[in-house]
Every structure is written in structure tokens, then in C-alpha cells.
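Following: one structure in C-alpha cells, then a few remarks.
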Amino acid sequence: MRLTIAVVIACFAGPSLAARDHWYIKESGGTYSYVSDDSRGPLQVRFRGRNRDEYVIEYLGEFGSVSRITCQAPCHIGRKKIYINNKLDNDAGDVDLDAWGPVSAAIDDMLESKLKVSARPWSHSNAQIAPYILGQ
């Protein structure tokens, strides 16, 4: 199902994206931009790493929040936590990662080893979050 969503994103983004071997539209210093399905612009994603079968990605959310998703391969279901000002604001629990637009595209890139690990902190004014340390 994730591949179907990614193909739909590619169709809307134009033919150049469909010919690429990854779904992100831009990479800058370990931050990957994905075509978003809302008016806030591209979704900014960082791959935080992998420990055995646990993968971790983060993305900027609304109001300066940072959402952290952890999942185990093949990452159909993940655990989502939302942080504001370096504090857990919401443990959203398990989420379906197969049909989630740009997040699904980022998960595909992550599983295909197209993303580099980034330890850079988010610099948005409210997006302060301690770096994820695998295994904790």
C-alpha cells in the first residue's frame, strides 16, 4: 500500500520524481523534504538511526512540535510520540505507516537505505528535542 501512495505522490509532483530512486524532493544537511498533502509546505524529516530492527525518524509538526516515529522492519505499524519544547506532549501510540502520504514515502526511503543518519538538533524555535539515543 505504501508504494501505491508513493506513486500517487510522484504523479502529482511531476515526471522527474517518478524517475528517481528515492521519494524526497530535497536534502540539506541530513534533513529530507517530502511533498506534503497540506498547505504547510514540504514535510521536513530526519532519520535518527537504526538499532537491530528498530528504526527512528522525526519530522516537524504543527506549532513547532517534533513527531518521533519508531518502528520495526518492515514498518507497517509504528509508535508515534509528539514532543514540544523537549517534553513529551502526546504519546499517540501505534499508527498505520502504510497509508500516510509523505511519512510513508520517508519510511520507504528509510527502509531502502536512501537516508543518512542525522544527529543534528531541530533549530525551529519550539522544536527543541533531545537527540534520540538508540536503545533507550
Side-chain angles (χ1 to χ4, degrees):
M1 181 64 154
R2 248 194 323 259
L3 182 57
T4 302
I5 298 299
V7 170
V8 169
I9 290 171
C11 290
F12 284 108
S16 62
L17 185 59
R20 295 184 186 177
D21 67 343
H22 54 75
W23 295 113
Y24 58 87
I25 56 174
K26 178 183 169 188
E27 186 275 330
S28 178
T31 300
Y32 297 86
S33 300
Y34 289 85
V35 174
S36 181
D37 51 0
D38 63 29
S39 61
R40 289 181 286 152
L43 182 72
Q44 305 297 309
V45 174
R46 290 192 180 148
F47 175 45
R48 294 306 194 188
R50 176 183 175 196
N51 184 14
R52 297 189 186 137
D53 285 337
E54 182 181 65
Y55 292 83
V56 181
I57 63 168
E58 292 176 351
Y59 63 92
L60 285 180
E62 294 181 308
F63 311 112
S65 66
V66 173
S67 292
R68 178 179 288 158
I69 297 190
T70 57
C71 63
Q72 292 188 347
C75 291
H76 297 294
I77 302 292
R79 182 134 190 116
K80 179 180 177 184
K81 294 183 179 184
I82 302 169
Y83 295 83
I84 297 178
N85 293 326
N86 204 24
K87 294 182 182 163
L88 180 63
D89 182 65
N90 182 2
D91 185 342
D94 291 341
V95 291
D96 179 1
L97 299 176
D98 283 338
W100 201 358
V103 173
S104 295
I107 297 288
D108 280 345
D109 280 349
M110 176 186 73
L111 292 172
E112 295 287 326
S113 301
K114 305 294 182 183
L115 307 181
K116 293 183 244 173
V117 174
S118 173
R120 284 182 49 201
W122 294 100
S123 59
H124 188 276
S125 60
N126 291 329
Q128 303 302 318
I129 183 171
Y132 181 80
I133 300 171
L134 289 171
Q136 287 191 348

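Computed from heavy atoms alone, side chains included, the values below leave out hydrogens, waters and symmetry copies. Computed from a predicted model, the values in this text were never measured in an experiment.
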Specify the closest pair of heavy atoms between His76 and Asp96, including all atoms of both residues, with the distance to one decimal. O-OD1, 3.5 Å

[atom2] on [Y] to [atom1] on [X], rounded to 0.5 Å:
| X | Y | atom1 | atom2 | answer |
| --- | --- | --- | --- | --- |
| Lys80 | Tyr59 | NZ | OH | 3.5 Å |
| Thr31 | Lys26 | OG1 | NZ | 9.5 Å |
| Asn86 | Ile84 | CG | CD1 | 12.0 Å |
| Tyr34 | Asp109 | OH | CG | 3.5 Å |
| Leu115 | Arg50 | CG | CZ | 13.0 Å |
| Ile57 | Thr70 | CD1 | OG1 | 10.0 Å |

Ignoring hydrogens and angles, tell me if any N or O in the side chain of [X] forms a donor-acceptor pair with the backbone of [Y] under 3.5 Å.
| X | Y | result |
| --- | --- | --- |
| Asn90 | Ile82 | no |
| Gln72 | Pro74 | no |
| Ser104 | Leu97 | yes |
| Arg120 | Gly29 | yes |
| Asn85 | Lys87 | no |
| Arg48 | Ile69 | no |

Can you run down the disulfide bond (SG atoms under 2.5 Å apart) pairs that involve residues 32-73, sequence neighbours left out, and say none if there aren't any? Cys71-Cys75

Using the rule that two of Ile, Leu, Val, Met, Phe, Trp, Tyr join whenever any of their side-chain heavy atoms come within less than 4.5 Å, decide whether Leu111 and Phe47 are in one cluster. yes

Other residues, nucleotides and ligands only: do more than 12 of their heavy atoms fall within 6.0 Å of CZ on Arg52? no

Could you check whether Glu58 and Trp122, counting side-chain N and O atoms only, form a donor-acceptor pair closer than 3.5 Å? yes

What pairs with Tyr32 under ring-ring contact (aromatic ring centres under 6.0 Å, His included), at least two apart in sequence or on another chain? Tyr24

With a 4.5 Å cut-off on side-chain heavy atoms, are Asp108 and Lys114 touching? no

side-chain contact (heavy atoms from CB on, under 4.5 Å) for Gln44 and Ser33? Distances and angles first, verdict last. CA-CA 5 Å; Gln44 305 297 309; Ser33 300; 3.1 Å; yes

